[in-house]
Amino acid sequence: MEDKRYDLAIIGAGPAGMAAASSAAGFGLRCLVIDEQPRPGGQIYRDTGHSPLANPDLLGPDYREGEVLAAEFGKAQMEYLSGAAVWHVDADGVVGLSREGRAWSVAARYILVATGAMERPCPIPGWTLPGVMTAGAGQILLKTSAMIPDGPIVLAGSGPLLFLVAWQYLNAGAEIVGFVETTSRANYLSALPFLPKALGAAEYLFKGLGYMKALRKARVPVFKGVADLRVEGDSKLEAISFSVGGKNKRIGCDTLLLHQGVVPNVQITRALGCEHIWDIRQVCWRPRLDDWGRTDSEKIYVAGDGGGIGGAAVAQIQGRLATLEIARHLNIIETAERDRLAAPHRVAMARHLRIRPFLDLLYRPTEVMRCPSDETIVCRCEEVTAGDIRSMVRMGCLGPNQTKSFGRPGMGPCQGRLCGLTVSEVIAAERGLPTAEVGYYRIRPPIKPITLGELAAFDAPEGKQK
Amino acid sequence: MHADAVVIGAGIHGCSAALHLGRAGISSIVLEQAYPGRHASGVNAGGVRRLGRHPAEIPLSVAAMGFWLNMEDFLGQDCGFRRTGQVKVAEDESEMERLRQRVAQLRSLGFTHEEIIDQDELKHLVPAVSGHCVGAIVCRDDGYALPFQTVTAFRKGAEAAGAQFKAGCRVDKLVRRGSIWQVQTSRLMIEAPILVNCSGAWAGGIAEQLDEPVPVSVEAPMLMISERVAPFCNPVVGATGRPLSFKQFENGTVLIGGGHRGQADPARQETQLDMGGLAFSARTAQEIFPCMRNVRVLRCWAGIEAVMPDGIPVIGPSAKFPDTFHAFGFSAHGFQLGPITGQIIAHLAVQSETSLPIEAFSIGRFLE
């Protein structure tokens, strides 16, 4: 019987997915790329080549790099399904899709999960008030709609993206009335020993210094080493308050952009039941992968930030490495050829990764952001506070899955994306155990919400081929 | 460790057995391989129904209803029980005829809890139901409860009555020493004269160790739950000609189940879902409730259930050993029976008899 399966289904058309698809096409693989957005690029290169901005250069040179990758992707021989959500994946390579109200499934011999990162939740008192959003969301507004919020804006938290967005917002003419950094002095000390290694990828450092200089030049009030972040307002954001150097500060604003780094989006690998590791340095979960990105499930590979945060350049390389290994399994190349082709990629990847220990330690989230005060809402969908989670533990709740039964965190429309990390960490701290031992939510399908009508119209694959 | 009784399995039946035993002055240790309520008991649809039960189960189900209606007095909390009624709709005249015969059969047996209603009354009770439904059976005192909350309440009740729970404790071996059971587990050794097998999908293995193997199969009934929507449906709704279980909780979420099975892996304590089966349930739900079309499904899951070939459980004494009892194989409809199962086990352990008819559930029916 003819095998009608795709050789490779790639989920996500960001840097990792685009690079993987281009390489796969080069090997003549029958490849399908599935992405939720109308155009390729992922979050970092969102709408690359189609920016609605009169001058896309204000987003910086990194963003323009996406055009090269997207052009290569555009020329590659493969099927590309934009605007499609993946709501189910199984270990045999069947992918459930929905697009424009229709649901169906496709089968592939290998699957590459290239779903990237998501922003780490920033649970502080009042973060659910209108007017508060993540820095990433603020950036998407600029990339896809050429919009910045009206009125005074404050950026708060930590991490490279917070600086980048501030710089992009300044370029776009935003009224930034405060840049509030939670990075502690202790982080500088713990990161310092990794500075020499980071100099091996000095372009990242220079970029960061450039953003800081621009903030100073624009006379944006910058506060460093702040604590006790809190959003003030009754029905909407009115101000952000915090303490710095023993004094309390309050800055009135209409928009607050919060950020404290990104973490792997592990919804799909979790739903597949792949083994995950608690990454102590990056303070997040990541799937256990081999050198080629393969998970403990034979047909499932991961490339890009979804396997651990490495950034866009590393993601592209990982996409190409995974494709090499898949081409080898499909008997398109020999092992020696795979290794020969991989060698320059591995050198480049090692160089880009030199910056990571420094960045990871410098921008390590503060304890209170990881395990917020009792009053702080953790699960936004079901309005469950950190105090609620702690009292569940006192009632005998051992892990995140049981909290669902005790009080519904993680059971709303975001399917646990925004509270999963915090719930695991709060339980671990309360029980005095490592987070790895407490575990994470069991992620069940649909991976993305699907309407009952779409599910009702779903035709299951007939006689799955193994 | 010693106790009067060792109960294997901390689901609804094991917790209820420990509770009733404790209140009768019999101490117990409850062994649970995962944590209490982890499997079928904690993740089922929560239906509390007498509606549609096998005739042999009706006396037990009616007696269990006495507990559900007075749960506050019995356990100090309501377990989320809501007396919303349960409705089973007929989608055409031939199904309606089947329902009429069913109610007539129950009347002849002396039961009046199931009642036929016509299309007007159905529309009144469930305004959102599709116009093609011609009538229904209603069981007005039935309803639903919150499964995990219920298991937790029974566990706490049992603990208050002196039972000890050992979570993360898998039974490896049963050894008979005179009139005492020695239970070797993954981390403890327990000794007790009384043994109760309430281990659900894993009960077949225990029965085999007791030298009374039974043809129990393991299934994974699937459920799905929606986002919150404005209240539109009060009773729990089922269908006659095809499997469906449909209810809207007070928080607005809608739970849909109905017969279709995923794959159960009892050794790893995991399930795999069959999306085709879920699509079938979604079609049924949408046809009976057209207003559900654009409501988003947020999560699907499956429990791991023990199913007997005749679809009714094993409840009663062991055929091989004294002071040894079974309560398993509830075939995906045991939740409502939980409160009474424990009482039956306690009565059997204390006075060697129960006033309820349990002959039909004897393990002997599967032994030569």
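Lettering follows sequence order; numbering is per chain, from 1.
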Highest number of heavy-atom pairs under 4.5 Å with chain A among B:E227, B:M292, B:K156 belongs to B:M292
Looking only at B:S226, B:A285, B:A282, B:G42, the option with the highest number of non-hydrogen pairs under 4.5 Å against chain A is B:A282
Whether over 12 other heavy atoms sit under 6.0 Å from [X] [atom1]:
| X | atom1 | answer |
| --- | --- | --- |
| B:E72 | CD | yes |
| A:E375 | CD | yes |
| B:R187 | CZ | yes |

Residue part contacting chain A, namely of [X], when any heavy atom lies under 4.5 Å:
| X | result |
| --- | --- |
| B:A167 | neither |
| B:V297 | both |
| B:I256 | side chain |
| B:R155 | side chain |

Kindly list each side-chain donor-acceptor pair under 3.5 angstrom involving residues 431-443 of chain A, sequence neighbours excluded, with atom names and distances?
residue: A:R431; atom: NH1; partner: A:L398; partner atom: O; Å: 2.8

Checking heavy-atom separations under 4.5 Å from chain A, one finds in residues 232-247 of chain B none
Residue pairs meeting side chain to side chain donor-acceptor pair (under 3.5 Å), one or both in residues 395-406 of chain A, sequence neighbours left out, come to none
Test side-chain contact (heavy atoms from CB on, under 4.5 Å), reference A:L452, set B:R296, B:R283, B:M224, output is B:M224
Walk me through whether B:T253 and A:R408 qualify under side-chain contact (heavy atoms from CB on, under 4.5 Å). CA-CA 12 Å; B:T253 58; A:R408 297 191 52 80; 3.8 Å; yes
When every non-hydrogen atom of B:C300 is compared with those of A:R444, the smallest separation belongs to O-CB, 3.0 Å
Those residues of residues 382-395 of chain A that come under 4.5 Å of chain B on a heavy-atom basis, listed by number, are A:E382, A:M395
Separation between CG (A:D90) and CE (B:M275), nearest 0.5 Å, reads 10.0 Å
dist B:L298:CG -> A:M411:CE (nearest 0.5 Å) comes out at 9.5 Å
Run the numbers on B:Q149 and A:F406 for side-chain contact (heavy atoms from CB on, under 4.5 Å), then give the verdict.
CA-CA 7 Å; B:Q149 187 178 327; A:F406 275 91; over 6 Å; no
